[in-house]
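Only this structure's heavy atoms are used, side chains among them; waters, hydrogens and symmetry mates stay out. All of these numbers come straight from a predicted model, not from anything done at the bench. A note on names: the letters A, B, ... follow the listed sequences, proteins ahead of strands, and every chain is numbered from 1.
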Amino acid sequence: MINLLDEVGESGFQSAAFLTYGVDLGFFETKVMNRLLETGCRNAIVVADGHQAKDALNSGAQLRYVGVRCPLVTVRLGNRAFHPKAALMVGEEKLKLLVGSGNLTMPGYTRNWEMFTKLEGREAARTALELLDVFGDAAAWTPLEPAFRAWRSRLENSAPWLFGEEDGDRTVELLSSSVAPILPQVKALLGGLVVDNILVASPFFDADASALSWLVDNFFPEHLTLLVEDGTHLDPARVGRVLATMEGESSVRRFIGASRSLHGKLVLFKGPWGEALLAGSPNISSAALLSRAGRGSGNFELATFRSGVAGEFSALLVEKVGEPVNLEHISPRSPLLVGPAVSPLELEAAWISEGSIFAYPAETTVQNQADVHIALGRGGSEIIGLRLRKGENGSFFRALTDEDRLQLEKIPVRARLLGSDGEIGAPVWVQNLDIVEKRSNPVQRPRYAKGLRALESDSLGPEWESWNSLFEAFTALSNSWLRYTDARRPRTNKPAEPKPDSQPAWDPERFFISRDEVTLELPRYFAKVEDSGVAIGDFEYLISALPSARMATDDDATYGVESTDALADEEPSEDEEADEDGTDEKDAESYPEVTEEHLQWLRSRLHRKLRSIVESYEDSISEGAVNNKAEASYLCLPYPALQKAIITAARVSLLDVWQLRELASRLTAAWTTKLWKNLPDKEELEARLGCAATSLATVATITSPWLRQLADADEFDYDLHKQLQESLRELRPTFLSLKGTYDAGEDSQAWEKLVGDYNRLRHVELKEEFFASWTPLQVLEDLALRYRVWQLDEAPLWQRVADELGVGEAVQRDGDVLRVRARLPHVGDQERFLSRLLYSIHEGTQSPAAVLWNNEDAASKIRRKSMVLCPDLNAVIEMSFFAVKRPLLRLHRAAGGSTTSGVYLNNPKYLTIRWKGSMIHPVDNAQATLLSCVATMLPELPIATNNSA
Amino acid sequence: MYTYDAYVRLGIGVMDARTDWTEAPGASERIRGLDHLSLESTAENIYDQVTPGFTNLAKRARYYALYCWILYDFFSGGYEREEFKPFFRRREHAYALACLSHNHKDGMVGEYGIMGSIKASRNWHQREDPVDISRSHIKSSLGGYGLYYRNAMQRAGLIYLEEGKERLTQFTDGRPSGRALAEAFQRSIEDTTYFRLYRDEYDVPRAVLEEYGRAACVCVMADSEDGEVLRQALLQLDAPEPEASVRAMHLSRAKTLTLVFDAIRNCGVERLDDSSWRRLIFYGTYADDREHKVPGQLDDNSRVWKMYQQREYHVYALTSMWVAMLEWLEDRRVAPLEEWVEEFDQTVDLAQAGRQFGLELRRGTPSEITIQEMLDSVAQAAGVASFGPALSENIEKGLGRNAPCSESSIHKALAGEVEMDISEFAGSALWLSMVLFARTRGWTDADAPSATLARTGGSQHWSVESYFREIDTRREQSVLDFVAWLYQGLVRQHLAVALSKMPLDTFMVLYEDGALHYRAMDSPQFTADRYETILIACRDLGWVEEKGERYELTGLGEKALTGAVEALE
């Protein structure tokens, strides 16, 4: 028997595609997609019936992958069903096809009696290509066709071998109603062979039994057998009439299902020549078997047809054919076909592509409108409302802002059409093809030989040079981790280089990295690193291309000569050709003057940007447990890339030493936090290990050939991660015992020793019984002793508190006001966070102070929250502003406080307010005084200070 | 047409092709299972905070002493580790027989909770002499210790794990410890023939076991030396324990015991059983409507119990709604969820369902009324004009436990006191949820600890806080919209829970072709009563005794209560 979950969970595949009628998205994600990711299969797609996929449970499911890692392409065929069931799985060396009757649901995969044909091996390539054509036929019916085309393109890139395999055996024929009606195809394949017996099993027969009748009229069997069970949908009278034409040479038998329902569909043909089996999605109905797929004609069905020797297929039914049964005694049930009914405000599809969002209304009347209004939301709350203008072929579109785009790429979101009178349509999952493209690149085997050679050959000393060469090696190594050919690299329009003899004045617009590019391009590059793996070359190129970099360093900051350059596949400009002709590059390039002011500005921007990227990385690795190998691998990959970016930026003087230490420390702290996540006392460990020293050891460990050898892992995947985690876990007792001696470590000699240890750590021979004697434990012990080398400057209290609360980068001080732009903590922590920030400004309650927190959690109902200390009144006023309801005011009595607890708050009570014209009006004089204090501190709040009571 | 044979004959490469039926992995692993919505375990997590050292199944106090002694006897005997299982089973079986042979003291709990009592009883009643204790008395190799007591003993500070192996705690400062308990137990039995001659024998004379029972039966712990050690171990209000978390665990348990003692002392003629306890901690009143004045020192502990019971009602309401749908689906066998929501609208008369609890609604059709109207109805029953979040304290005051619409009254009706059809049952369950929201909405943000407790379970397990938040945001929606959302969530929750348990098959419904397929029935229930366990331990230890219909504090109990209250001050 075929275990479908095991089949689709087999490792070694990088791409998977599913055809199904009904789909249970919760089941798919939990039992199938999770497993696919675990095995490194990242390029997945599901093509399902559009009316089935829109049911309430799917629409309201809590999803993680659909639309952001795996597109769901829904196909609507009007009043006909999109009914095929198949899976196609392709790897570098492997191929598997499953074509059958089970839907992508729990019962379809694990409970019903389903029949599947499984094909494996490169010899199945021809059939696989035919199946790809079936997918293509299906996609042609939906506005989401680009999703399939992109999937196929990724497949072509990751498994080019498949597309050269046009030959193959034809022992299994794939029959799709998208090509021609199925039964006539069968008739042609049987080619006039005599059919003595036909056995039919199906859970569904059409009302007039016309398909059954067609079988009898076209194959003239001597005997016809029907396998049915209670619940089979059929009309006993109509079916009986067809059987009567057999003049007694027919029988109806009970299917022996032993409490499992029959959902498999098959027609078995027998003759003196042997047997042939039609099995797959089509039920015994004319819509399934006698019509070509299309709106108003037939279902979209898919089946396999095989021939064999006598007994080859009937063996499958030996234990399934039960006692004769009278059709009248079968308890038929009506099929639960979800009709083609479409509500007026229904979306057939919504998707994001190339930075724009598209929506395709199901109703033609809506399609003819000039524009439509949609709401995007997750978890039941709206996050973005957009008006879309008319596009092509009935769709509507709008370009997304960067902010919207970032909001929409993290988790699946739903789109709803809004009516002119405030009505809301049913939700549909948005397919974010842009983010799927980033995240679905099939994981490739590493090709890191060059990088490793470089790593092994360099000798790292305490000088910058040696470190730079290390990261050179990283470039090679990391590029090798992905199949990241030049042809697939992102292109960026590069303006013409300035002429050698020109000396233009500073003009940001003329630079390749202009102000806009710093703000727009950097996030794009960084997002790429975060989402699809390492792109160190991009970082290096980008940073070294900064005008400040060119001007600030004239030693070996190179531009345009790296083979891993993002522009490597672009047509060379005239100047570049000149370079190749031997022109001295430095002479050829002549940059405009960059003032110190510009440089400062760039430094500041870059520092902030890198901080936010590190923060994002911290978030990404601290959210949730690592569930599978793919996720572990995914989390690990950006680490060296970010380190490289930070080091390179410092190398070209775009970061000063303190900024470098801060960023490197934070990044490493995030990394180590993840590694120690499940251990007790992790807060203590985080504090101690938040140093770049550990970073070096970590980098050394993950790149050491000996570790790869030890872990028997030739790719950077979960095995390696696990090995690393386990070895580092052993360090914990050592670190704990060193607690008291941390303060003693300092001086440059320590640094030199650290570097020496680092080199030894990387190059130690496995034979040295590494874990037993000279171990990473000892090395890291030394590194820990040198922790102080990496300690940061003492920051002001408000900054330290903000850092401790995890919002360091999101806080800005403006006199007595701290403004925070970040995700609000949970409601239970909000008061504590705000009162601590409040205290941090003046370390007491003697001066007025305020905290205004703009919530960046779009799913939250609280838009912003403020806390204002009015010392004259001994009061703190806490205000919450909501997305939809009136603000909430709470008055606390304020007294003293401490660094750890914040301003002491007690006797809280809610205040009744007047909310009129979107402004808060005081209800009495006392409240007017309070609100006046708040308005003085935070004039941007909607407060009317006149007493209108 | 080409056949496989033809290809083989022609020497052409042939793909690996197979047509077959599909397997049903786990289909044979059908089990009844528990907590099909994964909502109940959260309540257990809450009361675990205040009952460390007790579990629902570690019911008899003297087993703590017995198991400590077995470990002690083993460690001091120089045995090899692999000898432990037979060593342990001999002693546990003999102890079960000893207890079964004993005529228990009047008023004591009796044979309840004897480990392996079914098979041991059969062995005892075969009347053979000597009794062969090599026969199996319990399936699990480490008996009740491995199944139930090990975790409880660890949290009571009697044993600890060192590299995965159990060790008895022992202290030099005279504190109660596992070792002290073991030694005290040994002193209680060291004069018995069993201890001296038979504890490593497989054939033990009946008279020896009877003598052992007289010395060490579960019912005679109160007066024993090990009873005193265990009393001290369980009631440590200020344990000189360096680890803050362990110290907090001792204090929390001691406070719960003090809370129980205080409630029993003041309960008047009321029999303070589990259901009375639940009502007492939730409503803060005794049966005769006297207020239960919680000593200030126990406020934090009492709050946890209160929030625990809030969660219990919350889960009961949701599970009842779920069961109503299953009842309907059982008849239909296969139906889309949307049909049930339609059916709910057509058959559930919320006005009629509310009337039986004194709740008035002008209309009863779910699609025609809003959640706010239901909440207003609850508010009006409490004498408050309409519902608003800030008014839930007033509503709480206006609706005592004796009110016809109190959670307690509706729960009783749902639990079978009132005969109802599916629609009445579903309507009543929804009312329970609304009453709970209207009355206790304010608890969830009364203070930080309450907010934390209300958040327990998070949105994944429908924490009270996340559910209340959802009601809050949907107040202006029709009840039917809310019900549709609720049922989608419940079904999704069940499918997710059952999927996570695969290959074990615990599905109550399956979901295919957009429809639900009925598999099995569920039932609403409260989680197992931890209070009952504590009460039994208190009786075993001589703190509480049963007198007629009531439970009373003994002299020991009075002394413990007084001492605890003073110490806490």
Side-chain angles (χ1 to χ4, degrees), chain A residues 1-5 21-22 24 26-27 30-31 52 55-57 60-62 100 102-103 105-108 110-121 123-124 127 168-172 189-191 260 264 274 277 279 304 306-309 313 316 333 336 338 380 826-828 861 910, chain B residues 1-7 12-27 333-338 341 389-390 445 448 451-452 454-455 459-460 465 469-470 472-474 484-485 487-489 491-492 495-496 498-500 502-503 505 507 510-517:
Chain A
M1 287 206 283
I2 293 174
N3 183 323
L4 287 174
L5 285 178
Y21 171 56
D24 176 347
F27 167 79
T30 311
K31 290 294 170 188
Q52 283 283 316
D55 72 71
L57 283 177
Q62 301 288 321
N103 287 309
T105 61
M106 216 292 272
T110 71
R111 286 296 173 271
N112 299 334
W113 284 111
E114 308 280 3
M115 184 161 279
F116 269 81
T117 298
K118 180 174 83 164
L119 310 178
E120 286 182 296
E123 292 80 5
T127 317
D169 77 65
R170 306 188 72 87
T171 53
V172 179
L189 284 166
L190 283 171
R260 290 172 61 190
L277 180 72
T304 53
R306 301 181 65 191
S307 60
V309 297
F313 303 118
L316 294 169
R333 70 172 167 85
L336 283 157
V338 177
H826 193 279
V827 65
K861 294 184 178 45
Y910 284 102
Chain B
M1 188 175 62
Y2 299 87
T3 64
Y4 181 90
D5 285 348
Y7 272 95
I12 298 172
V14 180
M15 63 185 150
D16 180 6
R18 181 157 72 100
T19 301
D20 209 340
W21 295 105
T22 52
E23 264 185 51
R333 310 309 291 183
V334 182
L337 179 60
E338 289 82 350
V341 176
D445 54 11
T452 306
R455 284 202 304 271
S459 53
Q460 293 286 315
E465 185 265 346
R469 194 153 27 90
E470 206 63 47
D472 233 349
T473 56
R474 293 173 186 271
W485 166 82
Y487 273 109
Q488 280 177 30
V491 172
R492 275 201 308 268
L495 292 174
L499 273 175
S500 72
M502 279 180 75
D505 183 350
F507 286 89
L510 292 177
Y511 170 54
E512 191 177 34
D513 293 348
L516 301 175
H517 298 236

The reported gap from OG1 in B/Thr452 to NE2 in A/His826 (rounded to nearest 0.5 angstrom) is 9.0 Å
Region of B/Glu338 that comes under 4.5 Å of a non-hydrogen atom in chain A: side chain
Short N-O contact, A/Arg111 and B/Asp505, less than 4.0 angstrom: yes
What verdict does the side-chain contact (heavy atoms from CB on, under 4.5 Å) test give for A/Met106 and B/Leu495, after you've listed the backbone C-alpha separation in whole Å, the side-chain angles of each residue and the deciding distance to 0.1 Å? CA-CA 9 Å; A/Met106 216 292 272; B/Leu495 292 174; over 6 Å; no
Could you tell me whether a side-chain N or O of A/Trp113 sits under 3.5 Å from a main-chain N or O of B/Trp21, the two making a donor and an acceptor? no
To the nearest 0.5 Å, what is the distance between CZ on A/Phe27 and CD on B/Glu512? 10.5 Å
With only heavy atoms counted, which part of A/Lys118 is less than 4.5 Å from chain B, the side chain, the backbone, both or neither? both
For A/Leu57, is it the side chain, the backbone, both, or neither that has a heavy atom closer than 4.5 Å to a heavy atom of chain B? both
Side chain / backbone / both / neither for B/Arg18 at chain A, heavy atoms under 4.5 Å: both
Residues that A/Glu114 engages under salt bridge (charged side-chain N to carboxylate O under 4.0 Å, His left out), provided they are two or more places apart: none
What part of B/Leu337 gets within 4.5 angstrom of chain A, counting heavy atoms only: side chain, backbone, both, or neither? side chain
Heavy-atom distances under 4.5 Å only: say whether A/Phe116 touches chain B with side chain, backbone, both or neither. both
Option in B/Val341, B/Asp445, B/Leu499 with maximal non-hydrogen atom pairs under 4.5 Å from chain A: B/Leu499
From the list A/Leu119, A/Thr117, A/Val172, side chain to side chain contact (heavy atoms under 4.5 Å, CB included) partner of B/Thr19 resolves to A/Thr117
Give, for atom OG1 of B/Thr22 and atom CE of A/Met1, the distance between the pair rounded to the nearest 0.5 Å. 7.5 Å
B/Leu510 side, atom CG; A/Thr110 side, atom OG1 - distance, nearest 0.5 Å: 7.5 Å
Could you tell me which residues satisfy side-chain contact (heavy atoms from CB on, under 4.5 Å) with B/Ala454, sequence neighbours excluded, listed by chain and number? B/Met307, B/Thr444, B/Glu465
Interatomic distance, A/Asn112 atom CG to B/His517 atom NE2 [nearest 0.5 angstrom]: 8.0 Å
